[in-house]
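Chain naming here is simple, since letters A, B, ... match the order of the sequence lines and numbering starts at 1 in each.
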There are 2 protein chains.
Amino acid sequence: MATVVRNTRQRSAVAQLLLETDEFRSAQEIYDLLRQRGTSVGLTTVYRTLQSLAEADEVDMMRPPGGDYLYRQCTTEHHHHLVCRSCGSTVEITGPAVESWAQRIAAEHGFSDISHTLELFGTCRTCSAQ
Amino acid sequence: MATVVRNTRQRSAVAQLLLETDEFRSAQEIYDLLRQRGTSVGLTTVYRTLQSLAEADEVDMMRPPGGDYLYRQCTTEHHHHLVCRSCGSTVEITGPAVESWAQRIAAEHGFSDISHTLELFGTCRTCSAQ
DNA sequence: AAATTTAATGATAATGATTGTCATGTGCAA
DNA sequence: TTGCACATGACAATCATTATCATTAAATTT
């Protein structure tokens, strides 16, 4: 019954690249980076692998306003992000009382099964200096 | 120089529908609703009008995880939303100290030109009862 | 080690939301 | 009323993502 995840060259290549990448990257960027380092993986497989890793909570997946989905290897504890709009460099941040606040507000209005999105976007120091 | 916004039947129809709609709706849904009430507007024009209204901060525009852009007439003061994943019904909420918190965190990491997204998603009472 | 089973791969096509094009329509200022 | 510039909308184009499916190759069994 349990879905067996096979250990393939492609899955390892994607996982390894994510380990070495600190910025949020799109599927296309990850595809390009893999080609550059000589460990090409088909674009379809890149999408599938990222989706699989995201479902397993091994990578974070987000979509900035007006942009495509971005992926990044993160710690497993719940956190939020401060992301550079220009280069994708990322700082993991821990929201203060967002969790409990969200639950309380939702309950007050009769909403259940609550989730939330909280992301900060800005321009990092490097990109500010052009 | 200033862009003049003309008062057309189509723009009025979209604005009027938004005034009477309390839920976040997609462009396609708005297009359909306009047809139903006999004030049809071309889909391209619906998109253009919504974008124009969003840029003027007269409607809020958001994109739930895995979904398309949604639009809703809101108050002009800055606020966040609690949105039903199932029917789109929305409660406007005011975040606590999110603003200042975001600015402080960003400054600590050398980021400038900060913006943030904070949205809550859940299932409203009506949809919980099927 | 070979055979077998079944998930994974990837080239390609399909999808679908959003945007671009451009001929025509129309608000509005003169 | 006229003229100009923006607005409209049918249609085509774009493009990220997903579906298809024949082929490859893990992992398991013989």
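Residues passing the ring pair (Phe, Tyr, Trp, His ring centres under 6.0 Å) test with A:H79, sequence neighbours excluded: A:H81. For A:T126, the side chain to side chain contact (heavy atoms under 4.5 Å, CB included) criterion is met by A:C124, not counting sequence neighbours. With sequence neighbours left out, the salt bridge (charged side-chain N to carboxylate O under 4.0 Å, His left out) criterion links B:R104 to B:E108. Partners of B:D68 by salt bridge (charged side-chain N to carboxylate O under 4.0 Å, His left out), not counting sequence neighbours: none found.
For the residue pair B:N7 / B:S12, a side-chain donor-acceptor distance below 3.5 Å is found, with atom types taken as modelled.
Atom CG in B:L50 sits about 15 Å away from atom C1' in D:dT8, given to the nearest Å. Rounded to whole Å, the distance from CG on B:D68 to C1' on D:dA16 is 12 Å. Note: CG (A:L34) to C1' (C:dG10) measures 14 Å, nearest angstrom. Taking atom CZ of residue A:R11 and atom C1' of nucleotide C:dA7, one finds them 11 Å apart after rounding to whole Å.
Using a 4.0 Å cutoff on non-hydrogen atoms, no part of residues 54-64 of chain A comes near DNA chain D. DNA chain D lies under 4.0 Å from no heavy atom of any residue of residues 20-33 of chain B.
Between the CD atom in B:E23 and the CG atom in B:L70 there is a gap of 11.5 Å [rounded to 0.5 Å].
A ring pair (Phe, Tyr, Trp, His ring centres under 6.0 Å) check over residues 107-130 of chain A, counting only residues at least two apart or in different chains, returns the pairs A:H78-A:H116, A:H80-A:H116.
For the helix from C:dA1-D:dT30 to C:dA30-D:dT1, the angle separating the two terminal helix axes comes to 30°, with each axis derived from five pairs and the value rounded to 10°.
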Side-chain donor-acceptor pairs under 3.5 Å in residues 26-34 of chain A, sequence neighbours left out?
{"from": "A:S26", "atom 1": "OG", "to": "A:E29", "atom 2": "N", "distance (Å)": "3.1"}
{"from": "A:Q28", "atom 1": "NE2", "to": "A:D32", "atom 2": "OD1", "distance (Å)": "3.4"}
{"from": "A:E29", "atom 1": "OE1", "to": "A:S26", "atom 2": "N", "distance (Å)": "2.9"}

Do any side-chain atoms of residues 47-55 of chain B form donor-acceptor pairs under 3.5 angstrom with protein atoms, and if so which ones, sequence neighbours left out?
{"from": "B:T49", "atom 1": "OG1", "to": "B:T45", "atom 2": "O", "distance (Å)": "2.7"}
{"from": "B:S52", "atom 1": "OG", "to": "B:R11", "atom 2": "NH2", "distance (Å)": "2.4"}

Kindly indicate, with the supporting measurements, whether the criterion side chain to side chain contact (heavy atoms under 4.5 Å, CB included) is fulfilled by B:Y71 and B:T21.
CA-CA 10 Å; B:Y71 305 85; B:T21 304; over 6 Å; no
Please step through side chain to side chain contact (heavy atoms under 4.5 Å, CB included) for the pair A:R85 and B:D113, ending with a clear verdict.
CA-CA 10 Å; A:R85 270 186 290 262; B:D113 190 20; 3.1 Å; yes
Can you give one letter per nucleotide of nucleotides 19-30 of chain C, 5' to 3': B if a protein heavy atom sits under 4.0 Å from the base, S if only from the sugar-phosphate, - if neither?
BBB----BBS--
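When hydrophobic side chains of Ile, Leu, Val, Met, Phe, Trp and Tyr are connected at separations under 4.5 Å, A:L19 ends up as a singleton with no cluster partners.
At least one side-chain nitrogen or oxygen of A:T45 sits closer than 4.0 Å to the OP1 or OP2 atom of C:dG10. Between C:dA8 and A:Q10, no contact under 4.0 Å exists linking OP1 or OP2 to a side-chain N or O.
Under a cut-off of 6.0 angstrom, the local environment of CZ in A:R37 is crowded, with over 12 non-hydrogen atoms contributed by other residues, nucleotides or ligands.
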